[in-house]
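Here is the structure we will look at, set down as structure tokens.
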Amino acid sequence: MTDATVRTVGAADYYQSYSVVGLLAVVGVLFVAVAFAAGRLMRPVVPTFEKLLTYECGVDPVGGDWAHTQVRYYVYTFLYVIFAVDSVFLFPWATVFAAPGFGGVTLAEMFVFLGFLAVGLLYAWKKGVLEWT
């Protein structure tokens, strides 16, 4: 066997693995397209006045289309996201912390991370963001 045949066989195997991924992507796209087409063909289309009305939470809209939204709700959302991200990092950290040889370093890194979160929480508390008025 020459060096060129080894390279050709290696390249063929390399592209074959990509062809499997490509085939899987095509099958996935076709599956979704067929599902949407079948749904469009089989659904009943009976537009009535009541079905075409805009509603929110099952209640007919009352008043104008302009409404004020308070910014503090977004602040609560951002605080929630911060602590949700905190939990996303804490679970993998707990697994690594349980592995031998990572104890002291990972413990120090997590206390630094939690310190940053605590500083952010203290800042939000000092600014009065956490008070519901």
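This one's a predicted model, so the numbers in the text were calculated from it and none came from an experiment. Just so you know, residue 1 is the first one in the sequence shown, and it goes up from there. Computation of the quantities below employed the complete heavy-atom set of this structure, encompassing side-chain atoms and omitting hydrogens, waters and symmetry-equivalent molecules.
A chain of hydrophobic side-chain contacts below 4.5 Å, direct or via other Ile, Leu, Val, Met, Phe, Trp or Tyr residues, connects Val81 to Leu117. No path of Ile, Leu, Val, Met, Phe, Trp and Tyr side chains, each step under 4.5 Å between heavy atoms, connects Leu23 with Leu30, placing them in separate hydrophobic clusters. Following chains of ILVMFWY side-chain contacts shorter than 4.5 Å, one cannot reach Phe116 starting from Leu121, and the two form parts of different hydrophobic clusters.
For the atom pair CZ of Arg40 and CZ of Phe36, the computed distance is 10.0 Å after rounding to the nearest 0.5 Å.
Within 6.0 Å of the CZ atom in Phe113, the count of heavy atoms belonging to other residues, nucleotides or ligands exceeds 12.
A search for side chain to side chain contact (heavy atoms under 4.5 Å, CB included) contacts involving Thr48 returns Val46, Glu50, Lys51, not counting sequence neighbours.
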